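This structure is a prediction, so every number in the text was calculated from the model and none was measured. Residue indices begin at 1 and follow the sequence shown.
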Amino acid sequence: MDSPEQRLRVIPYYTGDNTLEEVLSNPKSRGLLWLEILLNGEFPWKAHLEQPQVRVAYEKACVWYGHFKTMINGRIGREPLEVRTGRIDEREYRRFQEALLFVAGLTV
């Protein structure tokens, strides 16, 4: 069993994958990894940045955090991510909102 600081909060509800190893081997879960990083401040992401797929997802999460920092902090109060400038894909906004509200409900 993963310790609380190693627990995924978003991806298990979308795909059933519960570990980072499972996530990295599942294309659908890899596509959600940026959301997991963005909304799960308890997982030690920086310890896994040597893995290219984690690094790419982390960079994307940092860009989204830069755009929606106030909304994220107001809903879930996570430890800050690095703020990166860049463009977001607005087609992913609905999934972001859904996941944010889901995680906010878990922390109540």
Side-chain angles (χ1 to χ4, degrees):
M1 184 72 152
D2 293 331
S3 65
E5 62 275 358
Q6 294 279 329
R7 190 172 60 87
L8 300 177
R9 299 174 76 186
V10 176
I11 293 174
Y13 295 97
Y14 281 96
T15 67
D17 292 334
N18 290 300
T19 68
L20 185 56
E21 293 74 28
E22 291 173 338
V23 168
L24 295 177
S25 67
N26 180 343
K28 185 174 181 182
S29 292
R30 280 194 313 266
L32 297 169
L33 186 55
W34 69 275
L35 272 173
E36 185 72 48
I37 293 169
L38 182 62
L39 302 175
N40 185 351
E42 297 175 8
F43 195 92
W45 297 111
K46 287 189 177 186
H48 300 280
L49 291 179
E50 73 281 352
Q51 298 177 55
Q53 295 163 326
V54 176
R55 170 54 101 183
V56 168
Y58 185 84
E59 294 291 330
K60 182 175 180 176
C62 289
V63 171
W64 276 80
Y65 184 77
H67 284 272
F68 297 104
K69 181 168 91 171
T70 303
M71 184 187 304
I72 293 166
N73 291 343
R75 285 285 186 172
I76 62 173
R78 71 153 293 149
E79 289 292 318
L81 272 173
E82 301 168 37
V83 174
R84 303 271 165 72
T85 59
R87 296 179 54 91
I88 61 169
D89 184 344
E90 293 184 15
R91 295 173 294 183
E92 295 177 305
Y93 183 72
R94 181 174 287 162
R95 168 97 13 114
F96 161 71
Q97 280 187 309
E98 176 185 277
L100 177 62
L101 291 174
F102 173 74
V103 171
L106 291 176
T107 59
V108 173

Distance, nearest 0.5 Å, that separates [atom1] of [X] from [atom2] of [Y]:
X: Lys69; Y: Leu81; atom1: NZ; atom2: CG; answer: 10.5 Å
X: Ile11; Y: Ile37; atom1: CD1; atom2: CD1; answer: 8.0 Å
X: Trp34; Y: Phe96; atom1: CH2; atom2: CZ; answer: 7.0 Å
X: Phe68; Y: Arg75; atom1: CZ; atom2: CZ; answer: 13.5 Å

Steps toward side-chain contact (heavy atoms from CB on, under 4.5 Å) verdict (Leu32, Tyr13): CA-CA 11 Å; Leu32 297 169; Tyr13 295 97; over 6 Å; no

Kindly indicate, with the supporting measurements, whether the criterion side-chain contact (heavy atoms from CB on, under 4.5 Å) is fulfilled by Leu24 and Leu33. CA-CA 9 Å; Leu24 295 177; Leu33 186 55; 4.1 Å; yes

For the pair Trp64 and Tyr93, name the ring-plane relationship: parallel under 30°, tilted 30 to 60°, perpendicular over 60°. parallel

Throw together a table of side-chain donor-acceptor distances under 3.5 angstrom for residues 46-56, partners on residues two or more places apart or in other chains.
residue, atom, partner, partner atom, Å
Lys46, NZ, Glu82, OE2, 3.4
Arg55, NH1, Glu59, OE2, 3.1

Where the side chain of [X] meets the backbone of [Y], is there a donor-acceptor pair that is under 3.5 Å apart?
X: Glu36; Y: Arg9; value: yes
X: Asn73; Y: Pro80; value: no
X: Ser25; Y: Glu22; value: yes

Could you walk me through whether Phe43 and Leu20 pass side-chain contact (heavy atoms from CB on, under 4.5 Å), step by step? CA-CA 10 Å; Phe43 195 92; Leu20 185 56; 4.2 Å; yes

Arg78 versus Leu39, closest heavy-atom pair with distance: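 For Arg78 versus Leu39, the nearest heavy atoms are NH1-N, 4.2 Å.
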
How close do Asp17 and Leu8 get, heavy atom to heavy atom, and via which atoms? O-CD1, 4.2 Å

Run through Leu35, Leu38, Ile76, Val10 and flag the one making a side chain to side chain contact (heavy atoms under 4.5 Å, CB included) with Leu100.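 Testing Leu100 for a side chain to side chain contact (heavy atoms under 4.5 Å, CB included) against Leu35, Leu38, Ile76, Val10 leaves exactly one candidate, Ile76.
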
Partners of Arg91 by side chain to side chain donor-acceptor pair (under 3.5 Å), sequence neighbours excluded? Asp89

Hydrophobic cluster membership, Met71 vs Val83, 4.5 Å side-chain cutoff: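 Yes, because Met71 and Val83 connect within a single hydrophobic cluster, where side-chain heavy atoms sit under 4.5 Å apart.
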
